[in-house]
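Per chain, numbering begins at 1; letters A, B, ... match sequence-line order. Note that the structure is a prediction, hence the values are computed from the model and not measured.
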Amino acid sequence: MKLVRAGFGNNNVDTCARVCHSPTGYGLSKTFGTSAGTQDFKSVAKTDVIMIIGANPTDGHPVFASRMKKRLRAGAKLIVIDPRRIDMVKSPHVAASHHLALRPGTNVAVLNAMAHVIVTEGLIDESFVRERCDLVDFEMWARAIAEERNSPEAMEPYTGVAAQDLREAARLYATGGAAAIYYGLGVTEHSQGSTTVMAMANLAMATGNIGRDGVGVNPLRGQNNVQGSCDMGSFPHEFSGYRHVSDDSTRQMFESLWNRPLSNEQGLRIPNMIDEAIGGGFKGLYVQGEDIAQSDPDTQHITAGLRAMECVVIQDIFLNETAKYAHVFLPGSSFLEKDGTFTNAERRISRVRKVMEPLSGKSEWQATIDLSNALGYPMSYSHPSEIMDEIARLTPTFAGVSYEKIEQLGSVQWPCNDKAPTGTPIMHVDRFVRGLGKFMMTEYVPTEEKTGARFPLILTTGRILSQYNVGAQTRRTENSVWHDEDVLEIHPFDAENRGVKTGDLVALQSRTGEISLRAEVSERMQPGVVYTTFHHAKTGANVITTDFSDWATNCPEYKVTAVQVRRTNQYSDWQERNAREDIELRRIAPRFATAAE
Amino acid sequence: MSLIKELDYGTPIRLSEDEVTLTIDGVGVSVPAGTSVMAAAMSMGTKIPKLCATDMLEPFGSCRMCLVEIEGRRGTPASCTTPAENGMIVRTQSDKLARLRKGVMELYISDHPLDCLTCSANGDCELQDMAGVVGLRDVRYGKEVANHFETDSPLALPVDTSNPYFQYDPAKCIVCNRCVRACEEVQGTFALTIEGRGFDSRVSAAGVSFLDSDCVSCGACVQACPTATLMEKTVVEHGQPEHSTVTTCAYCGVGCSFKAEMQGDKVVRMVPYKGGQANEGHSCVKGRFAWGYATHKDRITKPMIRETITDPWREVSWEEAINRAASEFKRIQNDYGREAVGAITS
Ligand code: SF4
Ligand code: SF4
Ligand code: FES
């Protein structure tokens with residue numbers, strides 16, 4: 001991010017967290033005052049009620065799922081809010097007390113209805129609210145949420161969740177002892193992602209489930225260093241430690257240390273960059289370790305944007321999908337070749353240590369420095385630990401972090417500074433970071449993505465255990481024995497209507513595009529909802545996702561797309577063109593021919 | 001650089017405000033209440049022989065290797081299942097204990113192929129270590145007794161190599177149950193069971209191959225196995241690692257700690273690190289096994305440039321690639337304004 005702010009002289013830097021967890025940052029900082037989860041993983045061992053919303057921990061966060069299951073086998077209760085019957089709902093010796101199988105896109109409606117039950121049935125933790133929260137906001141929120149239109153009965157037609165079941169789940173959350181919320185991309189990748197995060201924060205405050213062991217509101221983050229990039233200010237509007245670029249004192253501090261005037265204008269987010277590129281005003285992009293042509297929604301829009309640019313620089317270990325549209329390729333390093341740190345979902349900073357020399361002969365941070373130097377902004381670090389030291393100097397919440405301390409303690413959970421010299425496992429213990437907890441209004445607004453006669457089904461997307469995100473890594477391991485293609489899961493009822501059987505090739509069509517893939521008839525789905533993963537580039541699941549996004553942060557709405565499914569015997573035009581381009585746009589001049597695909 | 005070996009206390013660490021004080025082999029030691037006699041001994045550096053106990057799992061008490069004498073108690077209780085108590089006086093070594101342990105060991109070894117030299121676990125096998133510790137020198141039972149390892153034995157079962165990352169060789173199993181318990185307690189999948197009774201019993205993935213079972217390949221069973229029965233295929237192929245470095249998994253937001261176990265600059269296996277506070281010694285299939293992409297043939301290791309996206313890529317020096325990127329960005333900013341370039345990072 002320093003390269004952009006000082007080297008490019010603008011704030012056009014963004015991160016993949018945009019496509020995953022930006023609503024977490026927004027929602028939690030509005031209510032609690034920090035942008036990260038409240039607990040350490042260990043805390044789950046003290047939980048009495050676990051509520052999982054829009055996350056599939058056994059596939060997405062397997063090692064933490066094992067910790068949850070251990071606690072559940074020891075007697076804790078489980079509430080699952082998810083359109084699909086995920087494994088946690090029923091697995092050996094673990095069964096959810098309540099599975100609220102909502103219609104995709106109605107998270108806010110369900111959470112509001114739960115809040116309604118808690119407010120109207122007198123389940124508020126009054127002393128917690130009185131001592132720790134802003135009462136004016138609370139009163140306003142409670143009055144609104146108590147209105148009949150937020151009741152489980154009134155919401156049932158939207159959510160498809162039986163009011164009685166929802167009432168019982170709400171009572172369990174409020175009165176079952178220490179209750180903790182764990183949520184995933186099923187919450188954030190929605191047009192109301194930020195609202196959902198705030199609705200969860202409201203629930204936790206209203207029931208006093210914050211600030212001690214066993215409670216809290218916790219994102220299960222997708223990628224290893226998502227938290228890290230957010231913390232480090234890889235956002236167009238924020239410096240490290242979540243401080244806005246227009247904040248003069250912060251900016252001056254950076255300016256004097258970096259010796260450069262910095263822009264106080266918010267930069268472009270990924271979708272804006274693409275739009276601007278298509279409009280002709282944005283021409284050069286440096287992409288580090290991301291594959292936006294596969295991972296971001298509405299693939300055809302993204303590739304059109306990339307094609308319109310004059311210089312796309314990719315730093316990656318493989319010729320990924322985005323590299324098909326690039327002009328300069330800088331070979332990256334795998335984690336085995338890197339020195340650095342990773343910050344995980346519990347704000348824990350751990351060391352990554354180099355176990356072999358970079359195959360490319362140059363480490364990634366060195367390449368970035370070289371690029372900055374060539375741009376005329378000299379940077380000189382001799383080791384990544386010096387970068388960490390600089391971050392510590394510039395970021396109050398990291399002031400106490402250093403490689404030395406991480407070596408000593410094994411790892412450190414931020415905030416780590418004079419007030420918390422060894423880090424902070426659990427946040428908001430005596431007071432919220434923002435002072436008083438702030439209840440935020442969370443009105444349910446149905447998504448604009450509507451089903452209708454042409455597109456009667458809702459598509460949601462997710463991931464499975466053996467593959468990881470865009471699959472660039474896992475696809476190149478033996479893990480493919482478990483998952484060699486993306487399939488479309490469809491409920492028997494919808495399948496029968498369309499004459500579809502497991503194994504059939506089906507065409508999946510949305511307003512933005514069409515792809516073909518194999519169907520798998522599955523009882524995990526509810527009627528009207530279909531599901532697929534996005535691990536294989538050739539499937540192109542994101543060709544059909546739309547670019548509706550969260551109102552506050554532009555986090556794309558992967559989880560809800562209106563679609564139609566029909567049997568077919570051929571691959572879609574996009575897939576055939578893409579297969580051709582896979583070869584054409586990836587050629588390497590023969591005289592140096594290597595084993596590229 | 002050397003191989004990082006983590007201590008195994010034999011039973012899980014207990015956290016308790018209350019302490020108990022006991023005497024082991026004449027030395028006083030204080031431990032949190034609930035700690036086993038075995039772990040109390042280990043906390044002062046005394047390794048009591050053991051096979052079925054490991055500190056990732058609750059004690060099970062089946063192998064009878066860890067017997068001790070406790071003053072005022074009859075018989076020889078198992079130290080893994082006996083909680084330490086105030087005032088206890090424990091002896092971990094005596095002629096009687098040595099005889100008992102040797103007898104147990106002899107029975108195990110009589111049904112174990114003695115191919116240590118060519119075994120993949122050679123040098124990292126708890127059964128081998130224990131045979132050494134108890135001073136086993138010969139085995140009185142011959143091959144005429146029923147066994148699981150002679151290929152013509154009616155009890156012999158084939159090696160299961162169905163899982164892409166590890167194999168299961170029933171001939172070497174000592175039925176300590178550690179894998180089954182790891183699958184239940186650590187991973188929570190309950191894919192493994194012990195099938196059959198008594199001498200006939202063997203570990204089974206519920207009657208089907210590992211690949212066809214509910215196994216999710218987290219590796220907890222392989223980690224728990226004290227022998228070469230469950231073993232990483234990379235170790236079978238390349239041999240034991242000789243040095244290791246602790247690092248962090250590059251996949252998901254859990255951020256598990258691993259020991260990268262190496263031979264030279266080649267990774268032999270990734271083993272979850274018990275000292276890692278995010279994962280406490282557990283792992284999933286991705287971090288544990290799916291690291292082969294790092295040296296996949298599709299890796300591009302040379303900088304490349306091209307004029308247009310339909311041109312073939314041209315390999316160039318680092319300098320040329322970086323200069324091209326920088327001059328293009330500068331040109332674009334010149335032609336279209338400062339805001340016309342940007343970056344996306346992971
Ligand atoms: S496979 Fe290994 S861990 Fe499992 S019972 Fe046999 S020896 Fe023990
Ligand atoms: S081992 Fe599995 S659970 Fe742990 S960080 Fe890696 S991918 Fe995540
Ligand atoms: S180690 Fe105690 S009985 Fe096996």
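At a 4.5 Å heavy-atom cutoff, the contact between A/Phe64 and chain B is made by backbone and side-chain atoms alike. Heavy-atom distances place no part of A/Lys338 under 4.5 Å from chain B, backbone and side chain included. Of the atoms belonging to B/Phe289, not a single heavy atom falls under 4.5 Å from chain A. Looking at B/Asp335, neither its backbone nor its side chain comes within 4.5 Å of chain A, counting heavy atoms on both sides. Using a 4.5 Å cut-off between heavy atoms, B/Ala294 contacts chain A through both its backbone and its side chain.
Between A/Gly9 and B/Arg338, the shortest heavy-atom distance links the atoms O-NE, 3.0 Å.
Listed by chain and number, the residues in a salt bridge (Lys or Arg N to Asp or Glu O under 4.0 Å) with B/Asp18 amount to none (sequence neighbours excluded).
Between B/Glu184 and A/Lys70 there is no salt bridge, since no side-chain N of the basic residue sits under 4.0 Å from a carboxylate O of the acidic one. Between B/Glu328 and A/Lys283 there is no salt bridge, since no side-chain N of the basic residue sits under 4.0 Å from a carboxylate O of the acidic one.
At a cut-off of 3.5 Å, with distance as the only test, no side-chain donor of B/Thr345 or A/Gln288 sits close to an acceptor on the other residue.
Options A/Ile317, A/Val313, A/Asp87 differ in how many heavy-atom pairs under 4.5 Å they form with chain B, and the most are formed by A/Ile317.
Contact annotation for residues 265-276 of chain B against chain A (heavy-atom separation below 4.5 Å, listed by residue number): B/Asp265, B/Val267, B/Met270.
Taking 4.5 Å as the limit, some side-chain heavy atom of A/Leu319 sits within range of a side-chain heavy atom of B/Met304.
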Point to revise | Derivation and outcome, side chain to side chain contact (heavy atoms under 4.5 Å, CB included), residues B/Trp313 and A/Arg587 | key: CA-CA 6 Å; B/Trp313 285 104; A/Arg587 285 175 306 147; over 6 Å; no
